Amino acid sequence: MIRHTLIMSVAAVMLALCATVAKADTPERDDVEAFLEVTGFDVALDSIRLSADAAPQMLGLEADDFGSEWKRLVAEVFDTNLMHDMAIDLLEKTLSKELLTHAAGFYASDLGQRLVAVENRSHMIEEDGLKSESGGQIIEGLKSIDSPRIAILERLNKASGGEESSLRSIQEVQIRFLMAAAGAGVIELQMEEPDLREAMRAQEEELRRNLRKSALEGSAYTYQAFSDAEMIAYAEALEHPDMKEVYNLMNAVQYEIMANRFEAVADRLRLMQPSQDL
């Protein structure tokens with residue numbers, strides 16, 4: 001399953017924000033560059049490459065099946081500078097100065113910078129079970145003492161982005177990748193796109209439960225050093241209408257880049273064959 005990130009489809013967000021952005025001054029490129037750094041969004045983009053191994057798995061293979069060629073492909077397709085430039089181009093066209101200033105103001109604060117620091121570290125942790133296992137243990141401990149912390153973390157996750165939109169975005173990336181792989185001749189799909197979407201809808205409830213559990217465990221692990229009061233302050237900041245718009249847009253951009261890069265992987269896979277290093 002593709003690495004969980006709370007996002008919406010970029011098309012939907014751009015439609016929702018179109019009127020607002022059209023009336024507002026767009027920021028300069030240097031301002032957007034600074035915005036990526038102060039919010040930690042640059043590191044979140046770089047972490048997209050950690051989801052690369054999900055591509056072969058969706059095709060019934062493993063990254064190791066391609067030997068050393070897989071690492072080279074990932075380095076080229078998920079190039080940090082390339083994804084960075086893609087994000088800048090998208091945000092330059094859609095992020096208003098007003099929204100940028102609002103979000104950057106919070107993340108430039110002492111609390112904001114401390115949050116960015118731990119989020120950056122959390123983003124770059126390989127999917128080896130560390131966050132889920134450690135986060136799960138924290139959650140169990142909180143439940144045993146009937147701590148209000150769980151409700152606070154759930155509030156924070158809800159403020160970060162809708163569960164429904166996250167689910168739709170994950171499905172969309174998977175579908176775009178599978179359709180691109182089929183178009184490149186890497187796989188032969190036994191169903192048309194509408195049937196594929198219907199099959200994914202049949203699995204929605206299980207995916208939704210997994211997303212909810214993963215988000216809670218991830219938050220428990222990432223923010224364990226912060227007080228309940230600081231978490232409430234963060235949730236309140238994310239619940240502000242301007243911050244919601246910023247998050248919707250950043251999440252949309254991140255997932256659009258992920259989908260684009262997975263499509264590029266599908267095109268490259270047609271030139272590769274599973275192999276074994278000797």
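Small disclaimer: the values here were computed from a predicted structure and weren't measured.
Under the side chain to side chain contact (heavy atoms under 4.5 Å, CB included) criterion, Ala182 pairs with Ile187, Leu189, not counting sequence neighbours. Considering only residues two or more places apart in sequence or on other chains, Phe177 meets the ring pair (Phe, Tyr, Trp, His ring centres under 6.0 Å) condition with Phe262. Partners of His84 according to the ring pair (Phe, Tyr, Trp, His ring centres under 6.0 Å) rule, which considers only residues two or more places apart in sequence or in another chain, do not exist here. Under the rule for a ring pair (Phe, Tyr, Trp, His ring centres under 6.0 Å), Tyr221 has no partner lying at least two apart in sequence or in another chain. Applying the side chain to side chain contact (heavy atoms under 4.5 Å, CB included) test to Glu206 and every residue at least two apart in sequence or in another chain returns Arg209, Asn210.
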Do any side-chain atoms of residues 142-150 form donor-acceptor pairs under 3.5 angstrom with protein atoms, and if so which ones, sequence neighbours left out?
residue, atom, partner, partner atom, Å
Ser144, OG, Gly141, O, 2.6
Ser147, OG, Arg149, N, 3.0
Arg149, NH1, Phe226, O, 2.8
Arg149, NH1, Ser227, O, 3.4
Arg149, NH1, Asp228, OD1, 2.9
Arg149, NH2, Tyr223, O, 2.6
Arg149, NH2, Phe226, O, 2.9

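Using a 30° and 60° split on the angle between ring planes, Tyr107 and Tyr234 fall in the perpendicular class, above 60°.
Under the 4.0 Å criterion applied to side-chain N and carboxylate O atoms, Lys158 and Glu239 are not assigned as salt-bridge partners. In this structure, Arg197 pairs ionically with Glu193, as a charged nitrogen and a carboxylate oxygen lie closer than 4.0 Å. A salt bridge is defined here as a Lys NZ or Arg NE, NH1 or NH2 lying under 4.0 Å from an Asp or Glu carboxylate O, and Glu92 with Arg29 meets this definition. Using a 4.0 Å cut-off between charged side-chain N and carboxylate O, Asp53 and Lys71 make no salt bridge. Using a 4.0 Å cut-off between charged nitrogen and carboxylate oxygen, Glu69 and Arg72 count as a salt-bridge pair. By the 4.0 Å N-to-carboxylate-O rule, Arg114 lies close enough to Glu230 to be salt-bridged with it. Under a 4.0 Å N-O distance rule, the pair Glu76/Arg268 qualifies as a salt bridge.
Enclosure of atom CD in Glu28 is not indicated, since only 12 or fewer non-hydrogen atoms of other residues, nucleotides or ligands lie within 6.0 angstrom. Crowding of Lys213 atom NZ: a count of heavy atoms from other residues, nucleotides or ligands under 6.0 Å not exceeding 12.
For the residue pair Lys131 and Thr222, no side-chain donor N or O sits within less than 3.5 Å of a side-chain acceptor on the partner.
Here the side chain of Arg261 pairs a donor or acceptor atom with the backbone of Val77 at under 3.5 angstrom.
Between the CG atom of Leu211 and the CD atom of Glu204 there is a distance of 10.5 Å, given to the nearest 0.5 Å.
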